[in-house]
Amino acid sequence: MTATTPDPRVAGILAEFPVVDGHNDLPWALREQVRYDLDQRDIAGDQSAHLHTDLPRLRAGGVGAQFWSVYVRSDYAGDDAVSATLEQIDVVRQLAARYPDELRLAYTADDMEAARAAGVIASLMGAEGGHSINNSLATLRTLHQLGVRYLTLTHNDSLAWADSATDEPRAGGLSAFGEEVVREMNRVGMLVDLSHVAAETMRDALRVSRAPVIFSHSSARAVCGHPRNIPDDVLAQLPANGGIAMATFVPKFVLPEVGEWILGADENMRAHGFHHLDTTPEAMQVHRAHQDGHPMPQATAAHVADHLDHMREVAGIDHLGLGGDYDGTPFTPTDLADVAGYPNLLGELLDRNWSPADLAKLTWQNAVRTLRAAEDVAREEQTRRGPSHATIEQLDG
């Protein structure tokens, strides 16, 4: 557990305004490690030997709402991607049913506030990668009906209709169908998540979207030049759009030196026959062995705070949030090692003269406001038009 002696300044803030975290990959870790056997990974107790996340550490970290990622890898395609996404949704629902005194499914901003008032953790869902809808707006709508409240337009691979930050472009940003996906997300009230997408995709989505967008787990490209991070010109558009950028803790997106190290670690994983994103125990053993022989530069909460300082300067305090990406990364900052660590970051920000009011916006208020604004846009859009039945063949040829 990363939190040490509780800082009374932080404890008071989190008691009233707990953390809304934009992205946690616990569902995928449960799939990979135990094929959703929750008896083997009972998160009511300490799971620090296997996971970044369990209920005691969520409580220690002051988490009041979590967007659980219902991610599937982007090499899943077609109906296989859709089915795997449904399995991910199912395990989130299982978790909420298994731990009703701790987790409560939430679908709206009002649900989040009600969970906070009841002292339980609001559990929302976000789908990571447009491959999960298999080029189908009906599938998009169905995911929303099942509780998914954001869609990350791409994961690591570009789609025919949206370009990824970490792949060769295919659409030149968003294609005509990609723009229709954004419009349909606005209509149903699903947040457009621009983490993972190429900068041109970000700009296209901001041009098209009538609702606030989010970056569920991305930091500042000006501080760390990884393509997964957000350029300043995009951050500068968030005030007009109303959206939020939720800073991530993934070391290679936080500290440039880690990015160089990760390239070697990923190559080592492939050389041992593992996907570079594999977090099974066997894969993590390979990771740790590589790290023993080649120590990784260490990111810290102070490095994350550097990103937040910069993002605040460019986008403003009303457009920031947190998205740790726990259980979706093999490595974490030294003092943000798991979901118990958020107080360490908030203490660092207080030491940098962030006010309690600033931190309340960062942890809770900005995220709730953004979801509420998307709901408002959806109600308006639904008075103007019905469901779109456009196909990628019709719009993109």
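Computation of the quantities below employed the complete heavy-atom set of this structure, encompassing side-chain atoms and omitting hydrogens, waters and symmetry-equivalent molecules. For the single chain, residues carry numbers from 1 onward in sequence order. For clarity, every value in this text was computed on a predicted model and none was experimentally measured.
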- Item | Residue from Tyr326, Phe67, Tyr150, Phe215 passing side-chain contact (heavy atoms from CB on, under 4.5 Å) with His23 | Tyr150
- Met246 and Asp21: which non-hydrogen atoms are nearest, and at how many Å? CE-C, 4.3 Å
- Task: May I ask you to check whether Tyr76 and His131 place their ring centres under 6.0 Å from each other?
- Result: no
- Please report the closest heavy-atom contact between Leu137 and Ser388, naming both atoms and the distance. CD1-OG, 3.3 Å
- Query: Can you find a pair of side-chain heavy atoms, one from Thr363 and one from Leu346, that are under 4.5 Å apart?
  - Reply: yes
- Item | Test side-chain contact (heavy atoms from CB on, under 4.5 Å) applied to Cys224 and Val254, Asn229, Val250, the passing residue | Asn229
- Query: Would a 4.5 Å heavy-atom cut-off, applied to side chains only, mark Thr53 and Leu58 as touching?
  - Reply: yes
- Non-neighbouring partners of Arg116 that pass salt bridge (charged side-chain N to carboxylate O under 4.0 Å, His left out), sequence neighbours left out: Glu113
- Query: If you look at every heavy atom in Ile133 and Thr139, which pair is closest and at what distance?
  - Reply: O-CB, 3.5 Å
- Message: Regarding Asp54 and Arg41, does a basic nitrogen lie under 4.0 Å from an acidic carboxylate oxygen?
- Response: no
- Give a yes or no on whether a salt bridge exists between Arg183 and Glu381, defined as a side-chain N under 4.0 angstrom from a carboxylate O. no
- Do Asp376 and Arg369 meet the salt-bridge criterion of a basic N to acidic O distance under 4.0 Å? no
- Task: Answer with yes or no after comparing the ring centroid distance for His290 and Trp261 against a 6.0 Å cut-off, counting only values under it.
- Result: yes
- Verdict with reasoning, Arg187 to Glu180, per salt bridge (charged side-chain N to carboxylate O under 4.0 Å, His left out): CA-CA 10 Å; Arg187 196 192 67 82; Glu180 188 71 358; over 6 Å; no
- Task: Taking the side chain as every heavy atom from C-beta outward, state whether Val91 and Val70 have any atom pair closer than 4.5 Å.
- Result: no
- Query: When you check the gap from the basic side-chain N to the acidic O, do Asp90 and Arg93 get nearer than 4.0 Å?
  - Reply: no
- Query: Do the side chains of Trp28 and Val72 get nearer than 4.5 Å, heavy atoms only?
  - Reply: yes
- Note on the structure: Nearest heavy-atom contact between Val368 and Ala109 is O-CB, 3.7 Å
- Query: Is there a path of hydrophobic side-chain contacts, each under 4.5 Å between heavy atoms of I, L, V, M, F, W or Y residues, that connects Leu308 with Leu235?
  - Reply: yes
- Query: Would you call Asp309 and Arg352 a salt bridge, taking side-chain N to carboxylate O under 4.0 Å as the test?
  - Reply: yes
- Query: Closest heavy-atom contact between Met190 and Val148?
  - Reply: CE-O, 3.6 Å
- Got a sec, which residues hit side chain to side chain donor-acceptor pair (under 3.5 Å) with Ser164, two or more places apart in sequence or on another chain? Thr166
- Task: In plain terms, say whether Arg73 and Asp80 are close enough for a salt bridge, that is, a side-chain N and a carboxylate O under 4.0 Å apart.
- Result: no
- Task: Flag the pair Asp111 and Arg104 as a salt bridge only when some basic side-chain nitrogen lies within less than 4.0 angstrom of an acidic carboxylate oxygen.
- Result: no
- Task: Identify whether the distance between the nearest side-chain nitrogen and carboxylate oxygen of Glu380 and Arg210 falls below 4.0 Å.
- Result: yes
- Query: Between Arg98 and Asp39, does at least one N-O distance fall below 4.0 Å, as a salt bridge requires?
  - Reply: yes
- Message: Give me each pair satisfying salt bridge (Lys or Arg N to Asp or Glu O under 4.0 Å) with a member in residues 25-38, each pair once, sequence neighbours excluded.
- Response: Arg31-Glu87, Arg35-Glu87
- Query: Do His217 and His196 come close enough that some side-chain heavy atom pair is under 4.5 Å?
  - Reply: yes
- Test applied, side-chain contact (heavy atoms from CB on, under 4.5 Å); reference residue, Val182; option that passes from Asp204, Val208, Leu206, Leu151: Val208
- Message: Minimum heavy-atom separation for Asp358 and Arg312, please, with both atom names.
- Response: OD2-NH1, 3.0 Å
